[in-house]
Amino acid sequence: MERKWSVFSVFNYTFLALVGFSMIYPFIYILAYSLNEGKDSMQGAIYFSPRKFTLENYAEVFDNARIWKAYQITLMRTVLGTFLHVILCTLMAYALSKKTLPGRSFFTFYIFLPTIFSAGFIPFFITLQKLHLINTFWVYVLPLLFNFMHIIIIRTFLQGIPEELEESARIDGYGDFQIFLRIILPLSGPVLATISLFIGVAHWNDWFSGAYYVSNKNLIPVQTLLQEMLTEAEALSNSMQRAAQQGGQTVGGVGGAGATPESMRMALLVITVFPILCIYPFLQRYFVKGVMIGSVKG
Amino acid sequence: MIKPRATNNRLMKRIWQHKLFYLFMLPGIVWFFLFSYVPLYGIQVAFRDYNFMGGFTGSPWAGFKYFEQFFNYYQSGDIIRNTIIISLMKLLIGFPMPIILALLLNEVRMIRFKKTVQTLSYLPYFVSWIVVVTLMQRLLTPYGGPVNDFMGTMGAESIQFLNNPTWFYQLIVGSDIWKNIGWNSIIFMAAIAGIDQQLYEAAKIDGAGRFRQMWHVTLPGIRSVAILLFILAVGSLMSAGYEQLLLLNGPATASIGSVLDVHAINSGIREGRLSYAAAVGLFQSVIGLILVLTVNRIARKVSDVSLF
């Protein structure tokens, strides 16, 4: 198709370029801010790159015992939670993909029903209390073990694997479990990668459980810590910045020599977002398929 | 009476043959029971004076006391109104946005450009609301934030965006669109890709320009997907997005920013009024269910597309 640059095309490309820019710019800005000397940042006027480059903010962040602890909790729950979620959902999905399984539609309905009518937050919270999960590490992992949509996405994928493969493996003397382990799992790479991304991101980004189910300071994940800093720092940094802008005088160091609560917060933000930023472009083609299966055929 | 027994035996045999698969499902069956069905059973705390020792069934009945308490609460009218306003704005402004993005991306012929914009547009979906709110706060501050600086160079006065009733709804809806537009457009992109190319050829032969092709071929092609997603979106009209509102709503905006979810969470966990909060939550889910069923029925009547 040949086409000249019409007015519409020019408008369209410009508009979409602006959309793309607005999606990435906040992250560029934060990166620049986090790499700039904290006190200097308070004068503003940092847009694309740091004015006084320093790694001090990051040094301060990694020096902070609380942040280390929180990062550790987040890493642990993400790795453990993702691993268990993917294994268990795959097992369930594989069973549900067997058309010969007696009771298959009953079990599918059994896991579907709660997605259209759920109990709401409070009964769920009380259940967590009764299970003695409140204020434990497991409150991060156990409630996220299964997800109806993810099971359906995996099941749809598994149903696409030709049955002949299983037949021939059976002739070779494989049992059900060996077939699952040696045939099905190795072929499921793409869908397992997609689900891992979905659930991994959910674990990584969850601040709510940390804020409402846990009061033990040693169990707070990084996002909840960021939320606490958000509330604490808002008032503080605003007034500090106002002072710096109006008077130009330096404000007494809260962190290290040049780091401010605000610049540390930006460094923390960057290390929170960075892992996701690195992973998701590589998994893109898989998760696009995953979303389609999930929403059209689910 | 021999026959039924024979089939019974056959069924038992088939079940036995599949024993490993039941074992595979066992963790899931137990999990859904514990984390979905037990809470469903626990809905009754909305009608009881809940105390921890008594649990779901041992606490005394309270009838509709907590529902009355909610409706008599002087702010309940405001809270319901705020919830509906915020969700309606998200629905009416936010719902068409991914469709528009998909349509515009579909007109792009430079594949590299298209892929880049798409990849960038998914990015915000993968960061948490905490990160989004922190970004907003940093970008929009009048004290050296780039947005206000930029407006300053254009000659505009600087604005305190956050915690400001004048800008509250714009920020709520805007940040919601920013976070979700790319992700929500995936499904529409897929639907557009599935449209038969011959339809476009035919339309072109009939003399349809680009906009007429869009109107008569592309839009009808994604109609059923759009209706399905719309029904689902209407179902959540009573929940305005608790994460976002817990974070963005401050004292200055409380009168227009308090919503049902946040009210339930705060009165339940912060104040420990579990039965009251459960009643608020139940009110919310029942209205949500009624809305889905109603919209579903209307959609089935006028368009033959429905959820069930």
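Naming: A, B, ... by sequence-line order, numbering from 1 per chain. Keep in mind the model is a prediction, meaning the values are calculated, not measured.
Between the A/Y110 side chain and the B/F33 main chain, a donor and an acceptor come within less than 3.5 Å of each other. At distances below 3.5 Å, not a single donor-acceptor pair connects side-chain atoms of A/N12 with backbone N or O atoms of B/E107. Checked by atom type and distance alone, the side chain of A/K130 pairs as donor or acceptor with a backbone atom of B/F52 at under 3.5 Å.
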Check the pair A/T224, B/I130 against side-chain contact (heavy atoms from CB on, under 4.5 Å), reporting the backbone distance first and the verdict last. CA-CA 8 Å; A/T224 310; B/I130 297 289; over 6 Å; no
Carefully, step by step, assess A/F121 and B/I269 under the rule side-chain contact (heavy atoms from CB on, under 4.5 Å). CA-CA 10 Å; A/F121 176 65; B/I269 299 195; 3.3 Å; yes
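The ring of B/W183 has its center closer than 6.0 angstrom to the ring center of A/F198. Aromatic ring centres of A/F208 and B/W129 lie farther apart than the 6.0 Å criterion allows. Ring-centre distance between A/F8 and B/F211: below the 6.0 Å cut-off. Ring centroid separation for the pair B/Y122 and A/Y280 does not come in under the 6.0 Å cut-off.
Interatomic distance, CG of A/L268 versus OG1 of B/T134, reported as 9.0 Å (0.5 Å rounding). In this structure, the separation between NE2 on B/H18 and CZ on A/R104 is 10.5 Å, given to the nearest 0.5 Å. Distance check: B/R210 CZ to A/S6 OG gives 4.5 Å after rounding to the nearest 0.5 Å.
Options A/G120, A/P102, A/P114, A/P26 differ in how many heavy-atom pairs under 4.5 Å they form with chain B, and the most are formed by A/P102. Contact count versus chain B (heavy atoms, under 4.5 Å) is highest, among A/L197, A/V273, A/I126, for A/I126. Ranking A/W207, A/F124, A/Y25, A/Y212 against chain B, the residue ahead of the rest is A/W207, based on heavy-atom pairs under 4.5 Å. Comparing A/F27, A/Y13, A/F287 by how many heavy-atom pairs each has under 4.5 Å with chain B, the most go to A/Y13. Interface remark: of the candidates A/L101, A/V201, A/D176, A/I276, A/L101 forms the most heavy-atom pairs closer than 4.5 Å to chain B. Ranked by heavy-atom pairs shorter than 4.5 Å toward chain B, the options A/T115, A/T90, A/L142 are led by A/L142.
Both the backbone and the side chain of A/L16 come within less than 4.5 Å of a heavy atom of chain B. For A/A202, no part lies under 4.5 angstrom from a heavy atom of chain B. For A/L84, no part sits under 4.5 Å from any heavy atom of chain B, backbone or side chain. If you measure heavy-atom distances from A/L226 to chain B, the contacts under 4.5 Å come from both the backbone and the side chain. For chain A, the nearby parts of B/L40 are the backbone and the side chain; heavy atoms of each come within less than 4.5 Å.
Within 6.0 Å of atom CZ in A/F177, 12 or fewer heavy atoms from other residues, nucleotides or ligands are found, so the atom counts as exposed in its surroundings. For A/F274, the CZ atom is loosely surrounded, since the number of other residues' heavy atoms within 6.0 Å does not exceed 12. Within a 6.0 Å sphere centred on OH of B/Y41, other residues, nucleotides and ligands contribute 12 heavy atoms or fewer.
Across A/I122 and B/L274, no two heavy atoms sit closer than the pair CG2-O, 3.3 Å. For the residue pair A/T272 and B/V131, the shortest heavy atom distance occurs at CG2-CG2, 4.5 Å.
With contacts defined as side-chain heavy-atom distances shorter than 4.5 Å, the pair B/F35/A/L145 does not qualify.
For the residue pair B/T119 and A/Q284, a side-chain donor N or O sits within less than 3.5 Å of a side-chain acceptor on the partner.
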